[in-house]
Amino acid sequence: MSDYVLIHGGGCSPWHWHLLEDELRRRGHRTAAVDLPCEDESAGLGAYAEAIAGAAAGSTDPVLVAHSLAGLSAPLACARIPAGLLVLLTAMVPAPGEPPGEWWAATGYEAAVREAALARGEDPERADLFFADLPPGLAREAEEHMRGQAGAPFGEPWPLDAWPDVRTAFLLCRDDRFFPAPFIRRVVRERLGITPVETPGGHFAMLSRPRELADRLEALAAPGRPAADPPPGGRAAAPRPAPERSE
């Protein structure tokens with residue numbers, strides 16, 4: 001049994017995790033979906049990290065699952081709580097000192113999304129980047145539960161000098177249109193030096209593929225399993241041993 005702390009992306013809400021939460025709880029795990037202050041114009045990345053740490057309070061070696069924009073704040077929370085594993089789910093990967101508002105240009109995001117849309121035969125200006133793989137009814141619900149996203153987290157430089165000392169994995173969603181697979185593979189390789197673990201589904205795989213996503217998370221959280229394949233000539237994050245438990 002694991003403790004999963006689920007951290008929603010920009011303008012989203014804890015509701016977006018409800019199908020994955022149901023699946024994880026059915027398997028005997030504990031979950032906590034963080035409610036980030038995404039509509040608060042005074043809340044920067046530090047406030048987001050505090051919200052994550054608060055949701056994880058009382059958890060044992062929690063697995064943090066950071067979706068999309070939460071890739072910026074979840075690493076900061078790892079300095080506040082003893083996380084057992086950080087899983088970046090089709091997430092932004094920050095660089096030290098880089099304001100998140102500059103991330104899009106620095107990574108070549110717009111050109112990558114346009115190229116992917118044209119390859120699918122779609123108009124890049126009209127493509128559904130978020131919910132294309134959801135049934136219509138669920139897509140409408142997902143849209144209804146979206147919230148506003150304040151700009152405060154985007155202007156401040158990302159404050160860490162290096163990635164935190166926490167076992168880290170990246171889950172790439174192969175059907176993601178918002179962060180297309182070729183684009184995010186490159187970003188993860190360049191910024192983390194690891195090979196992403198791939199799973200089916202679009203940007204909201206927690207809604208479209210909750211069972212497959214739960215399978216991937218359980219496999220990554222298994223004691224003694226490396227979080228990611230080592231990059232060629234590089235290093236892999238060392239697995240943590242299974243914690244000793246008294247009967």
Side-chain angles (χ1 to χ4, degrees), residues 1-9 11-36 38 48-71 73-74 77-78 80-91 130-131 133-135 137-147 166-173 175-176 197-225 227 239-240 242-247:
M1 182 170 62
S2 298
D3 293 338
Y4 289 92
V5 178
L6 308 173
I7 312 159
H8 66 75
C12 298
S13 70
W15 179 91
H16 291 95
W17 293 108
H18 77 282
L19 295 181
L20 179 62
E21 283 199 281
D22 289 347
E23 184 64 29
L24 289 171
R25 289 172 179 171
R26 186 183 65 80
R27 302 179 186 204
H29 304 294
R30 293 183 291 263
T31 69
V34 184
D35 189 3
L36 295 176
C38 60
Y48 286 47
E50 287 297 332
I52 297 167
S59 299
T60 301
D61 290 330
V63 177
L64 304 188
V65 183
H67 178 238
S68 200
L69 181 65
S73 53
C78 292
R80 295 165 166 82
I81 57 174
L85 172 66
L86 171 58
V87 179
L88 300 172
L89 173 62
T90 189
F130 280 172
F131 307 129
D133 64 330
L134 298 183
L138 185 56
R140 285 193 298 271
E141 279 193 274
E143 181 65 37
E144 290 168 359
H145 283 86
M146 294 295 288
R147 303 185 291 179
V166 60
R167 199 162 61 104
T168 300
F170 194 102
L171 266 177
L172 179 154
C173 297
D175 308 306
D176 193 348
V197 175
E198 302 197 9
T199 192
H203 196 64
F204 283 80
M206 68 283 279
L207 292 173
S208 65
R209 302 286 191 129
R211 280 179 292 182
E212 291 94 332
L213 185 52
D215 289 342
R216 298 294 191 278
L217 291 173
E218 282 188 320
L220 289 170
R225 179 188 174 105
R240 291 190 176 188
E244 295 182 1
R245 299 185 185 275
S246 57
E247 299 296 333

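This chain uses plain numbering: 1 for the first residue, then up along the sequence. Owing to the predicted nature of the structure, the values given are computational and were not obtained by experimental measurement.
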Pair Cys12, Trp17 - check side-chain contact (heavy atoms from CB on, under 4.5 Å), show working. CA-CA 10 Å; Cys12 298; Trp17 293 108; over 6 Å; no
Report the C-alpha distance between Leu220 and Leu171 in whole Å, list the side-chain angles of each, state the deciding distance to 0.1 Å, and finish with yes or no for side-chain contact (heavy atoms from CB on, under 4.5 Å). CA-CA 10 Å; Leu220 289 170; Leu171 266 177; 4.1 Å; yes
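A donor-acceptor pair is defined here as one N or O able to donate and one able to accept, closer than 3.5 Å; no such pair exists between the side chain of His8 and the backbone of Ala66. Remark: side-chain polar atoms of Arg216 are paired, donor with acceptor, to backbone N or O of Glu198 under 3.5 angstrom. In this structure a side-chain-to-backbone donor-acceptor pair under 3.5 Å is present from Asp133 to Gly202. Between the side chain of His18 and the main chain of Trp15, a donor-acceptor pair closer than 3.5 Å is present. Remark: the backbone N or O of Pro200 is not paired with any side-chain donor or acceptor of Arg209 at under 3.5 angstrom.
Rounding to the nearest 0.5 Å places CE of Met206 at 9.0 Å from OG1 of Thr90. One finds the CZ atom of Phe204 at 10.0 Å from the CG atom of Leu89 (value rounded to the nearest 0.5 Å).
Note on Arg140 versus Glu143: no salt bridge recorded, every NZ/NE/NH1/NH2 to OD/OE distance being 4.0 Å or above.
Between His145 and His16, the two ring planes are perpendicular [angle over 60°; tilted spans 30° to 60°].
Side chains of Tyr4 and Glu21 form no contact here, defined as non-hydrogen atoms less than 4.5 Å apart.
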